[in-house]
2 protein chains.
Amino acid sequence: MGERSRGITISDVAAHAGVSPASVSRVLNGRTSVDPDIVRKVQSSIATLGYAPSLVARSLVHGRNTTVAMVVPDLENPLFQGILKGLSLAAAADGYRVLVADTAERVDDEEAIAIEARQRCDALVLCAPRLPEAKLRRLVERTAPVVIVNRPLPDLDVPVVGVDYVRGIRDLVDHLVGLGHRRIAYVSGPETSASNAERLRGVDEALAMHPSVRIDLIAGGSRPEDGEAVADAVVEAHRAGVTAIIAFNDLVALGLLARLRELGVHVPGELSVAGFDDVPMARYATPRLTSMSVPRAEIGAQAWERLRTLIGGGPAPHAVLFRPRLETRESTTAPAAAGASA
Amino acid sequence: MGERSRGITISDVAAHAGVSPASVSRVLNGRTSVDPDIVRKVQSSIATLGYAPSLVARSLVHGRNTTVAMVVPDLENPLFQGILKGLSLAAAADGYRVLVADTAERVDDEEAIAIEARQRCDALVLCAPRLPEAKLRRLVERTAPVVIVNRPLPDLDVPVVGVDYVRGIRDLVDHLVGLGHRRIAYVSGPETSASNAERLRGVDEALAMHPSVRIDLIAGGSRPEDGEAVADAVVEAHRAGVTAIIAFNDLVALGLLARLRELGVHVPGELSVAGFDDVPMARYATPRLTSMSVPRAEIGAQAWERLRTLIGGGPAPHAVLFRPRLETRESTTAPAAAGASA
DNA sequence: CTGTTAGCGCGTTCAA
DNA sequence: TTGAACGCGCTAACAG
């Protein structure tokens with residue numbers, strides 16, 4: 001069954017060039033000085049034989065892959081895509097590649113997947129927004145070097161690169177309050193989501209700073225469908241006096257916008273709507289969506305930076321939190337003159 | 001410098017359990033039958049030592065990684081994201097992981113990146129819509145086993161899993177003609193894009209089938225910004241009698257929609273707009289965007305299916321082309337009663 | 001059923 | 001400067 005030969009090895013090149021494998025290795029890596037004649041012969045042999053060194057063998061010798069793993073709950077989420085892109089490009093600049101593992105939102109498999117992915121690579125970038133903190137702490141120890149993305153993890157020597165959702169929500173509330181809104185509703189994300197918890201803290205802090213403001217909670221989710229699904233509840237809240245909505249993220253906000261239009265609620269005329277994350281589509285929505293911008297690619301790049309330090313045996317890098325930037329667009333404006341509430 | 005030891009090996013386990021490395025290997029792989037006592041001792045040792053086998057060493061022995069590479073021009077494109085997700089999940093079901101390489105649209109680096117990525121893996125999924133065909137053919141030979149995604153490559157024993165863009169455009173034109181449109185404009189994609197060439201063929205075929213229909217060409221692009229940029233040209237075409245627009249893809253269509261609204265052109269009242277790919281956001285646009293649905297995840301899954309066959313030494317699988325499905329939404333409707341043209 | 005040996009392909013000592 | 005020998009960690013073949 002004409003099995004193709006196992007691939008040509010360094011010994012084949014050595015034989016063809018009439019030198020030792022060690023010499024071939026030398027010209028390959030340009031380590032020590034080699035006789036120019038040898039170099040030429042070897043290079044010629046490499047070219048004619050079409051030789052390419054086995055990266056696996058090299059990995060075994062060196063004890064590293066030049067590959068890092070990234071575990072995400074859902075590859076279709078624009079947030080993780082952006083992070084992946086940033087990570088991938090930054091790592092590539094240093095000769096590293098990224099292995100992706102999509103846990104498909106199955107929290108129970110997350111641990112096993114992360115460990116397995118880590119075994120194939122030199123390090124790990126972990127996005128596990130719903131993994132219980134205790135489990136996460138254990139996982140982090142088993143998978144070092146690792147960097148946690150997009151969720152806080154205090155009191156642990158693990159680099160975290162994340163987003164200051166607390167501050168982001170506060171800033172967003174400030175924006176709405178500045179526009180004149182006094183009754184706001186927050187459409188929350190998944191209950192177990194760490195970043196949703198952060199946002200809720202932001203809501204609390206905002207309330208503390210604005211005693212005259214009231215913020216209702218509406219149970220939502222993380223996807224456009226969830227945004228559509230809560231539209232009725234949002235309308236009801238609006239009737240009860242709410243003049244502005246903060247959605248868990250842009251996906252929810254976009255779904256909500258679509259449904260509100262069908263329900264005949266004018267945004268921002270009757271109701272202001274703001275999202276979070278500033279996904280690429282936000283600025284093309286109707287109306288263009290006000291959102292808190294998160295530096296997705298930069299998060300990925302910073303994750304790589306920290307991983308690189310760790311791989312190099314450096315000290316645990318400090319955590320870094322990006323402060324979201326308000327992107328004011330059309331979907332938020334001052335509330336209608338005549339308030340609907342008392 | 002408390003360097004952490006090199007990691008514990010199979011020999012360590014063997015020593016701890018008082019058996020040979022081979023026995024440990026046996027219980028690890030459950031190949032041949034092993035004395036139950038040995039099994040217990042080894043498992044115990046593995047547990048207490050926290051041993052995990054080196055996948056790199058295994059790869060060297062077996063000659064395979066259980067990893068496949070995927071090369072894409074842009075990880076932020078929803079089309080490739082969906083394919084990646086489908087590929088990743090399908091491969092994972094067979095114990096394979098996916099390595100991603102983003103070429104950042106740099107066509108000149110595509111070849112080198114693909115070769116490098118391939119070297120790390122057992123096979124390659126190649127998305128290279130702008131690579132000149134001659135180069136692609138050469139590349140394909142160097143990187144086998146490989147499957148080409150989303151572009152045709154005739155007369156070659158390489159499995160292609162793609163989309164029938166020709167047919168898709170024809171179906172889309174049929175839809176518009178069925179609605180009553182006679183003057184249509186196609187906002188084209190990148191000049192070097194293979195799938196744009198396919199779409200243009202679709203346009204030609206549609207014209208041949210509908211002698212009474214005229215289809216103008218407007219130079220566009222592949223991103224939302226491009227859609228915004230062509231809005232003026234689109235309005236001009238509309239003034240000249242065009243009643244429906246087909247955008248290269250949904251991203252362009254969404255950008256176009258946003259700008260048309262600002263320009264005061266009502267969609268679909270004055271102008272129908274259709275996209276291509278049916279990205280997740282299409283159905284949340286205003287108006288909800290008519291598009292040709294492409295089974296992104298399924299493409300990824302099929303790519304894996306073919307790769308798996310190839311890796312297993314099977315015969316070159318046949319090419320497969322998915323026929324896009326029309327998703328009729330709000331953005332296309334019958335043209336206004338009084339035509340603007342002569 | 002078990003241990004010993006050899007080798008996957010390469011980098012890196014150590015002599016020469 | 002060069003080559004021979006060894007080891008990275010593991011699995012497969014071969015004896016015992």
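In what follows, chains carry the letters A, B, and so on, assigned in the order in which the sequence lines appear, proteins first and then strands, with residues in each chain numbered from 1. Quick caveat, the model's predicted, so the values are computed rather than measured.
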Pairwise side chain to side chain donor-acceptor pair (under 3.5 Å) hits with a residue in residues 139-161 of chain A, at least two apart: N150(A)-Y165(A)
Side chain to side chain donor-acceptor pair (under 3.5 Å): pairs with one or both residues in residues 44-55 of chain B, sequence neighbours excluded: none
N-O pairing of E110(A) and R130(A) below 4.0 Å: no
Test side chain to side chain contact (heavy atoms under 4.5 Å, CB included) applied to D122(A) - qualifying residues, sequence neighbours left out: R64(A), N65(A), Y96(A), I311(A)
With sequence neighbours excluded, residues passing side chain to side chain contact (heavy atoms under 4.5 Å, CB included) with D37(A): D35(A), R40(A)
Under 4.0 Å protein heavy-atom contacts per nucleotide of nucleotides 10-16 of chain C, with B for base, S for backbone only and - for none: BBBB---
Could you pull out every donor-acceptor pair under 3.5 Å between side chains of residues 18-26 of chain B and any protein atom, sequence neighbours left out?
residue, atom, partner, partner atom, Å
S20(B), OG, A22(B), N, 3.4
S20(B), OG, S23(B), N, 3.3
S25(B), OG, N29(B), ND2, 3.3

Estimated bend of the helix from dC1(C)-dG16(D) to dA16(C)-dT1(D) (axis per five terminal pairs, rounded to 10 degrees): 50°
All salt bridge (Lys or Arg N to Asp or Glu O under 4.0 Å) counterparts of R106(A), not counting sequence neighbours: D109(A)
Results of salt bridge (Lys or Arg N to Asp or Glu O under 4.0 Å) for E298(A) - residues two or more places apart only: none
Side-chain N or O of S33(B) closer than 4.0 Å to phosphate OP1/OP2 of dC1(C): yes
S23(B) vs dG3(C): side-chain N/O to OP1/OP2 distance below 4.0 Å: yes
Side-chain atoms of residues 79-90 of chain B: list all donor-acceptor pairs with protein atoms under 3.5 Å, sequence neighbours left out, distances to 0.1 Å.
residue, atom, partner, partner atom, Å
Q81(B), OE1, Q81(A), NE2, 2.6
Q81(B), NE2, Q81(A), OE1, 2.6
Q81(B), NE2, L75(B), O, 2.9
Q81(B), NE2, E76(B), O, 3.1
K85(B), NZ, D74(A), OD1, 2.6
K85(B), NZ, D102(A), OD2, 3.0

Strand-adjacent residues in residues 34-50 of chain B, judged by heavy atoms under 4.0 Å from DNA chain C: V34(B), D35(B), I38(B)
Touch class at under 4.0 angstrom, heavy-atom based, for V56(A) against every strand present: nothing
Gap between atoms CG and P, on L60(B) and dA6(C) respectively (whole Å): 18 Å
What donor-acceptor contacts under 3.5 angstrom involve side-chain atoms of residues 131-140 of chain A, with partners at least two apart or in another chain?
residue, atom, partner, partner atom, Å
E133(A), OE2, R137(A), NE, 3.3
E133(A), OE2, R137(A), NH2, 2.8
R137(A), NH1, P154(A), O, 3.3
R137(A), NH2, P154(A), O, 2.9

